[in-house]
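Quick notes on the structure that follows.
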Amino acid sequence: MKHWDLVVIGGGPAGLAAAIEANEAGISSILILERDQELGGILQQCIHNGFGLHIFKEELTGPEYAERFIDALKGRSIDVMLDTMVLSLTPEKQITAVNTREGLLQIQAGAVILAMGCRERTRGAVRIPGTRPAGILTAGAAQRFVNMEGYMVGREVVVLGSGDIGLIMARRMTLEGASVKAVVELMPYSGGLTRNIVQCLDDFHIPLLLGHTITQIEGKQRLESVTIAQVDEERRPVEGTQQRISCDTLLLSVGLIPENELSQQAGIELDSITGGAVVNQTMETSEPGIYACGNVLHVHDLVDWVTEESRRAGRYAAAYLKKRESLVKTLLQMTPGPGIRYLVPQQVSCPHEEQDLKVYFRVAQPCAKGELQVWSGEEVLMSRKKTHMTPGEMEWIQIPADMLHQAADTSREITLTLKSHP
């Protein structure tokens with residue numbers, strides 16, 4: 001059995017930021033476990049720019065952003081095991097992992113930070129009828145083939161789903177000489193950032209078909225065509241609206257799922273909406289000494305927010321190791337009310353410290369103009385006017401510390417609601 005004070009599972013942007021922050025907070029015995037052959041996670045295949053505007057105040061590509069943190073590891077007492085797969089995690093923070101160099105590893109950690117990221121939904125998750133030809137990939141798989149492996153995955157492309165990866169790959173395939181016939185979105189609104197709709201679709205005259213889905217896939221050896229149709233309010237295809245599009249490639253951008261198999265093994269409580277762990281404002285899960293951050297917790301739009309959240313996890317994991325006890329004493333429940341799909345953190349320890357609370361959330365429906373209200377029981381603690389909110393863009397609100405204390409003394413619950421205005 002090998003021992004480290006802190007073990008970080010995942011060497012992407014979340015794991016790197018958390019490990020460095022914990023080291024700066026005084027923890028010298030740290031191990032990063034990464035299943036890939038290099039650090040950086042998904043950023044290594046994201047060669048487009050737009051990263052780092054909040055953290056570094058400049059525009060970087062994904063590999064450049066990752067390199068900032070990989071360089072920051074140098075000279076620090078942080079051990080790294082690459083090409084290492086974690087097989088299990090127990091509530092006692094015992095980790096079983098395997099690699100080709102040392103075989104089966106048994107590791108005992110004083111604290112654990114979960115930073116495993118997320119994975120893409122596949123064709124099986126959305127159950128598209130039809131044949132099973134070559135040429136159907138997730139957008140992320142296509143991104144790796146094109147950007148890292150140097151393979152062109154197709155020439156006539158349809159994208160299903162308007163998440164950010166799908167939008168970015170629509171542009172990328174166009175720049176590589178492919179013809180992107182359409183981006184097809186089931187919902188009446190896009191699932192990606194507004195800037196990506198403009199820069200990736202509008203600038204390249206790629207049509208975005210909202211309220212549509214794919215009803216049939218055709219092809220024997222290679223994909224030959226897809227059939228799309230409009231959907232009604234119940235998201236069912238409308239008869240008579242079918243349209244056949246000839247193509248040799250279908251890219252799926254139909255959602256991301258936090259990688260929480262290890263969290264389930266450890267008995268950690270998961271949020272039914274985010275698919276990630278339930279955490280308090282220290283990023284601690286329901287298991288003391290186990291923290292979660294980044295896309296394993298909830299899917300982010302911006303890597304800068306992943307970094308901010310992960311630094312918090314590293315800082316509080318270090319505080320836990322110094323005291324060897326959970327910092328949580330009295331809990332407030334954070335509840336998404338009408339108009340709010342989910343919020344993070346889901347719990348708040350109060351009184352914990354005299355700090356305001358930053359709450360991340362997503363709205364349930366697009367809202368051109370509305371009012372956010374923070375409730376404690378039947379009392380409105382604060383309200384903020386907001387404009388142009390969509391489910392595809394994560395939002396946040398800062399709740400003052402004195403309001404948290406007020407809620408702790410009364411209802412023990414805080415509810416965030418959104419009231420739309422015409």
Side-chain angles (χ1 to χ4, degrees), residues 35-36 42 44-48 118-188 190-192 196-197 200-201 204-232 234-257 259:
R35 66 184 178 186
D36 209 341
I42 199 69
Q44 298 291 9
Q45 67 186 53
C46 299
I47 64 174
H48 55 280
C118 60
R119 66 176 184 271
E120 295 176 282
R121 294 184 188 275
T122 61
R123 176 182 175 180
V126 291
R127 301 180 182 179
I128 308 171
T131 56
R132 298 177 62 85
I136 303 173
L137 306 90
T138 64
Q143 187 181 55
R144 183 174 182 94
F145 277 131
V146 174
N147 292 348
M148 297 188 72
E149 309 297 338
Y151 295 108
M152 186 60 174
V153 297
R155 292 295 176 184
E156 293 185 310
V157 183
V158 172
V159 181
L160 177 61
S162 60
D164 289 312
I165 302 175
L167 299 176
I168 289 166
M169 281 310 296
R171 176 180 64 183
R172 188 74 180 95
M173 295 298 291
T174 301
L175 291 173
E176 287 296 327
S179 171
V180 179
K181 301 294 188 67
V183 174
V184 181
E185 171 56 54
L186 177 69
M187 302 301 290
S190 172
N196 284 334
I197 297 171
C200 299
L201 300 188
F204 292 89
H205 308 291
I206 299 171
L208 172 61
L209 305 179
L210 298 175
H212 285 70
T213 191
I214 292 177
T215 60
Q216 188 70 24
I217 289 174
E218 297 176 352
K220 293 183 179 180
Q221 297 301 315
R222 179 80 189 194
L223 179 67
E224 297 173 5
S225 68
V226 298
T227 300
I228 67 170
Q230 294 181 19
V231 297
D232 58 21
E234 301 297 325
R235 303 177 195 171
R236 295 173 299 196
V238 177
E239 191 63 35
T241 64
Q242 290 84 355
Q243 176 185 351
R244 185 175 180 271
I245 301 178
S246 175
C247 60
D248 63 17
T249 304
L250 173 62
L251 302 185
L252 302 176
S253 179
V254 291
L256 300 168
I257 307 170
E259 289 270 20

Report the distance from atom [atom1] of [X] to atom [atom2] of [Y], rounding to the nearest 0.5 Å.
{"X": "Arg155", "Y": "Cys247", "atom1": "CZ", "atom2": "SG", "value": "15.0 Å"}
{"X": "Thr215", "Y": "Gln243", "atom1": "OG1", "atom2": "CD", "value": "10.5 Å"}
{"X": "Ile245", "Y": "Leu209", "atom1": "CD1", "atom2": "CG", "value": "6.5 Å"}
{"X": "Ile168", "Y": "Leu201", "atom1": "CD1", "atom2": "CG", "value": "10.5 Å"}
{"X": "Asp248", "Y": "Lys181", "atom1": "CG", "atom2": "NZ", "value": "8.5 Å"}
{"X": "Met169", "Y": "Leu175", "atom1": "CE", "atom2": "CG", "value": "10.0 Å"}

Q: Determine, step by step, whether Val226 and Ile128 satisfy the side-chain contact (heavy atoms from CB on, under 4.5 Å) criterion, reporting the C-alpha distance in whole Å, the side-chain angles of both residues, the deciding distance to 0.1 Å, and the verdict.
A: CA-CA 10 Å; Val226 298; Ile128 308 171; over 6 Å; no
Answer yes or no: is there a side-chain heavy-atom contact under 4.5 Å between [X] and [Y]?
{"X": "Gln242", "Y": "Gln216", "value": "no"}
{"X": "Phe204", "Y": "Val180", "value": "no"}
{"X": "Leu256", "Y": "Ile165", "value": "yes"}
{"X": "Arg235", "Y": "Thr213", "value": "no"}
{"X": "Val146", "Y": "Arg172", "value": "yes"}
{"X": "Leu252", "Y": "Arg121", "value": "no"}
{"X": "Glu156", "Y": "Ser246", "value": "yes"}

Tell me if a side-chain donor or acceptor on [X] pairs with a main-chain N or O of [Y] at a distance below 3.5 Å.
{"X": "Asn147", "Y": "Gln45", "value": "yes"}
{"X": "Asn196", "Y": "Cys200", "value": "no"}
{"X": "Glu120", "Y": "Gly140", "value": "yes"}

Q. Are side-chain N/O atoms of Arg123 and Thr138 paired as donor and acceptor at under 3.5 Å?
A.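 Note: Arg123 and Thr138 side chains miss the donor-acceptor criterion.
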Q. Does the side chain of Glu185 come under 3.5 Å of the side chain of Ser162 through a donor N or O and an acceptor N or O?
A.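 Ser162 and Glu185 do have a side-chain donor-acceptor pair below 3.5 Å.
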Would you name the heavy atoms of [X] and [Y] that are closest together and state the gap between them?
{"X": "Val231", "Y": "His212", "value": "CG2-N, 4.3 Å"}
{"X": "Ile197", "Y": "Gly192", "value": "CD1-O, 4.3 Å"}
{"X": "Arg222", "Y": "Val153", "value": "NH2-O, 2.8 Å"}
{"X": "Leu210", "Y": "Ser190", "value": "CD2-N, 3.9 Å"}
{"X": "Val157", "Y": "Ala178", "value": "CG2-CB, 4.1 Å"}
{"X": "Leu250", "Y": "Leu223", "value": "N-CD2, 3.5 Å"}

Q) Is it the case that more than 12 heavy atoms not belonging to Glu239 sit under 6.0 Å from its CD atom? A)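 It does not: Glu239 CD has 12 such atoms or fewer within range.
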